[in-house]
Amino acid sequence: MIDLKLLRDDPERVRASQRARGDDPALVDALLAADEARRAAVTAADNLRAAQKEVSAAVRSATPDERPAVLEKAKALAAAVKEAEAVQAVAEEALRAAHLAVPNLVHPAVPPGGESDYVVLSQTGEVPSYPFDVRDHLAVGEILKAIDTERGAKVSGSRFAFLTGPGALLELALVNMAMARAVAAGFIPMIAPALVRPEAMEGTGFLGAHSAEVYRLADDDLYLVGTSEVPLAAYHSGEVLDDLPRRYAGFSSCFRREAGSHGKDTRGIIRVHQFDKVEMFSYVALEDAEAEHERLLEQEKAFLSDLELPFRTIDVAAGDLGSSASRKFDNEAWLPSQERWLELTSTSNCTDFQARRLGIRHRTAGGPQVAATLNGTMCAVSRTIALLLEVHQRADGSVHVPKALRPFLGGLEEITAP
RNA sequence: GGUGGCGUGUCCGAGCGGCCGAAGGAGCACGCCUCGAAAGCGUGUGACGGUGCAAGCCGUCCGUGGGUUCAAAUCCCACCGCCACCGCCA
């Protein structure tokens with residue numbers, strides 16, 4: 001939710017943000033109107049309530065013969081209050097709906113336009129060339145007996161896989177490495193629930209445009225999270241925090257229906273319904289949000305560098321931002337089998353948008369203030385494994401293990417076919 | 001799943017249907033005392049919304065949502081959560 005005070009002060013800024021996203025600026029004017037309607041309703045109801053309180057107090061002190069008349073008056077006012085409160089409730093609900101429809105303000109530096117209008121900020125490492133025919137990650141994984149998608153499909157359906165032998169060990173190594181780095185950088189490690197209540201899902205904005213992506217357990221009214229951003233953001237919902245920043249690194253399984261991606265990335269484990277992830281999540285003061293965003297980005301870049309994966313960093317265009325994000329950086333690693341860049345990690349600055357929705361504030365000298373929230377992927381495991389297998393493959397099908405990962409694999413320097 | 005108990009401000013904790021935004025503590029802040037501190041004493045100390053240039057004024061909030069009533073922290077209902085015991089279970 002955007003700040004309504006800001007909206008009243010500078011509606012044109014919000015309209016401009018809408019245009020940058022390719023969204024409808026009329027939503028802004030609808031919100032302004034709803035805001036005004038609510039204030040009118042609140043004022044009317046407040047005045048009636050004040051009058052009712054007064055008369056109500058007079059009931060006690062009334063003499064027996066004035067009493068019936070006062071009671072009569074009180075009853076009439078009570079009815080009027082009830083009516084005014086109904087009007088207020090309707091106005092408040094209308095405001096809420098209009099409020100939810102307006103996405104976060106886009107940061108001024110964000111490139112305008114759609115999905116393809118991103119700006120490349122940097123490239124780290126060189127695009128590799130191979131003196132042999134490269135295999136894709138699934139082919140490598142099958143040679144090494146690291147991935148079994150056929151049995152994944154037999155047991156659970158398409159887009160499910162077993163990680164076997166070295167694949168399973170690779171996952172544990174990556175998770176441990178990601179956690180170790182997060183801890184060293186001051187993040188509190190967390191094992192987060194993967195099932196959450198509707199409020200957590202709503203509060204983080206995942207039941208809006210992306211609700212078709214989300215698994216729901218209808219019998220229990222619980223949702224399977226697509227990222228531990230959800231439990232980590234909801235963790236402090238409704239709280240006033242004494243001290244910021246708070247930095248968490250959450251590990252959880254992630255579940256995605258991939259409803260709109262039929263036929264896309266169907267081979268291997270690049271796009272699966274279930275994977276594990278280590279996610280960084282920061283709560284900071286609003287004025288520190290940009291610096292924190294850089295910090296998260298640096299963590300992500302260092303992690304990928306240490307895995308010796310070539311990647312580029314892009315500034316995602318306004319039209320491709322999620323509704324909560326004011327700015328988003330993606331790190332895209334080189335996928336040799338397809339000779340293209342593939343999104344591997346991502347970090348979003350949600351400013352105070354998500355926190356306002358979840359009621360997360362912190363104490364300042366000037367009273368409680370809405371916090372800012374940011375999230376960033378440390379390691380999305382399945383996709384990282386896919387890239388390690390592809391990028392570090394050798395002609396004989398064996399795979400080089402990056403130095404930084406070796407301590408987490410018992411010193412193993414290469415993975416070879418069994 | 002069953003039975004019983006409980007949810008009040010930063011925390012503990014009291015609260016007869018109206019005089020309760022709410023006693024009393026603790027904590028915290030400031031002041032006095034002190035060479036300094038502790039102790040002691042005094043004062044202050046919630047959030048949100050509306051309105052106003054402002055001081056202020058008005059309204060809402062006692063887990064959440066409904067209901068009864070002129071009037072609800074207080075009575076009724078539902079839900080959520082916590083605790084204890086029993087059953088089941090990794």
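Here is how names work: the chains are called A, B, and so on, in the same order as the sequence lines, proteins then strands, and each is numbered from 1. Note that this is a predicted model, so its numbers are computed, not measured.
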**Q** Quick one: salt bridge (charged side-chain N to carboxylate O under 4.0 Å, His left out) pairs with a partner in residues 317-338 of chain A, sequence neighbours left out?
**A**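 Pairs touching residues 317-338 of chain A that pass the test: A:Arg312-A:Glu332, A:Asp315-A:Arg327.
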**Q** Let's see if you get this right: which residues in residues 83-97 of chain A place a heavy atom under 4.0 Å from RNA chain B?
**A**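 Contacts with RNA chain B under 4.0 Å: none.
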**Q** How would you list all residue pairs meeting salt bridge (charged side-chain N to carboxylate O under 4.0 Å, His left out) that involve residues 344-353 of chain A, not counting sequence neighbours?
**A**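 Only A:Asp352-A:Arg356 qualify under salt bridge (charged side-chain N to carboxylate O under 4.0 Å, His left out).
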**Q** Can you label the angle between the A:Tyr235 ring and the A:Tyr248 ring as parallel, tilted or perpendicular, going by 30° and 60°?
**A**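 If you compare the ring of A:Tyr235 with that of A:Tyr248, the planes turn out perpendicular.
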**Q** Who passes side-chain hydrogen bond (donor to acceptor under 3.5 Å, both in side chains) against A:Arg49, sequence neighbours left out?
**A**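 So A:Arg49 forms a side-chain hydrogen bond (donor to acceptor under 3.5 Å, both in side chains) with A:Asp46, A:Glu85, A:Gln88.
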**Q** Rounding to an integer number of Å, can you tell me how far A:Glu239 CD sits from B:rG9 C1'?
**A**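 Those two atoms, CD and C1', are 16 Å apart.
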**Q** Do nucleotides 61-76 of chain B as a string where each nucleotide becomes B, S or -: B if the base has a protein heavy atom under 4.0 Å, S if just the sugar-phosphate does, - if no protein is that close.
**A** -------S-BS-----
**Q** Mind listing the side-chain donor-acceptor pairs of residues 403-418 of chain A below 3.5 Å, one per line with the distance, residues two or more places apart or on another chain?
**A**
| from | atom 1 | to | atom 2 | distance (Å) |
| --- | --- | --- | --- | --- |
| A:Arg406 | NE | A:Val401 | O | 2.9 |
| A:Arg406 | NH2 | A:Val401 | O | 3.0 |
| A:Glu414 | OE1 | A:Arg394 | NH1 | 2.4 |

**Q** Below 3.5 Å between N/O atoms, which protein atoms pair up with nucleotides 47-49 of chain B? Just atom names and distances, please.
**A**
| from | atom 1 | to | atom 2 | distance (Å) |
| --- | --- | --- | --- | --- |
| B:rA47 | O3' | A:Arg361 | NH1 | 2.9 |
| B:rA47 | O2' | A:Arg361 | NH1 | 3.3 |
| B:rC48 | OP1 | A:Arg361 | NH1 | 3.4 |
| B:rG49 | O3' | A:Arg38 | NH2 | 2.9 |
| B:rG49 | N2 | A:Asp46 | OD2 | 3.1 |

**Q** With sequence neighbours excluded, give me every salt bridge (charged side-chain N to carboxylate O under 4.0 Å, His left out) pair touching residues 362-375 of chain A.
**A**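 Of all non-adjacent pairs touching residues 362-375 of chain A, those that pass salt bridge (charged side-chain N to carboxylate O under 4.0 Å, His left out) are A:Asp242-A:Arg363.
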**Q** For residues 164-174 of chain A, pull every pair meeting side chain to side chain donor-acceptor pair (under 3.5 Å), keeping only residues two or more places apart or in separate chains.
**A**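 Sorted pair list comes back empty.
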**Q** Could you pull out all residues at least two apart from A:Asp117 that satisfy salt bridge (charged side-chain N to carboxylate O under 4.0 Å, His left out)?
**A**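 Not a single residue meets the salt bridge (charged side-chain N to carboxylate O under 4.0 Å, His left out) criterion with A:Asp117.
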**Q** Going by side-chain hydrogen bond (donor to acceptor under 3.5 Å, both in side chains), name the residues that satisfy it together with A:Gln354, two or more places apart in sequence or in a different chain.
**A**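 Expected list: A:Glu229, A:Thr373.
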**Q** Flag the pair A:Glu258 and A:Arg271 as a salt bridge only when some basic side-chain nitrogen lies within less than 4.0 angstrom of an acidic carboxylate oxygen.
**A**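 Judged by the 4.0 Å cut-off on N to carboxylate O distance, A:Glu258 and A:Arg271 do form a salt bridge.
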**Q** Would you mind checking if A:Lys5 and A:Asp9 are paired as a salt bridge, meaning a charged N to carboxylate O distance below 4.0 Å?
**A**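 Salt bridge flag = no for A:Lys5 with A:Asp9.
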**Q** Charged N to carboxylate O below 4.0 Å: is that the case for A:Glu202 and A:Arg197?
**A**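 Salt bridge absent between A:Glu202 and A:Arg197.
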**Q** Using a 3.5 Å cut-off on both pairing distances, which stems of three or more Watson-Crick or G-U pairs include RNA chain B?
**A**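 Stem list for RNA chain B: B:1-7 with B:80-86, B:10-12 with B:24-26, B:27-32 with B:40-45, B:46-51 with B:56-61, B:63-67 with B:75-79.
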**Q** Looking for any heavy atom pair under 4.0 Å, which part of the strands does A:Lys53 touch: base, sugar-phosphate only, or nothing?
**A**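 The answer is sugar-phosphate, as A:Lys53 gets under 4.0 Å only of primed atoms, P, OP1 or OP2.
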**Q** Round to the nearest Å and state the distance from A:Asp243 atom CG to B:rC28 atom P.
**A**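 The answer, rounded to whole Å, is 16 Å.
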**Q** Where the side chain of A:Arg49 is concerned, which of B:rC58, B:rU60, B:rC80 is the nearest nucleotide?
**A**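 In terms of side-chain proximity for A:Arg49, the closest of B:rC58, B:rU60, B:rC80 is B:rU60.
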**Q** Just how far, in rounded Å, is P of B:rC79 from CD of A:Glu199?
**A**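 Distance check: A:Glu199 CD to B:rC79 P gives 16 Å.
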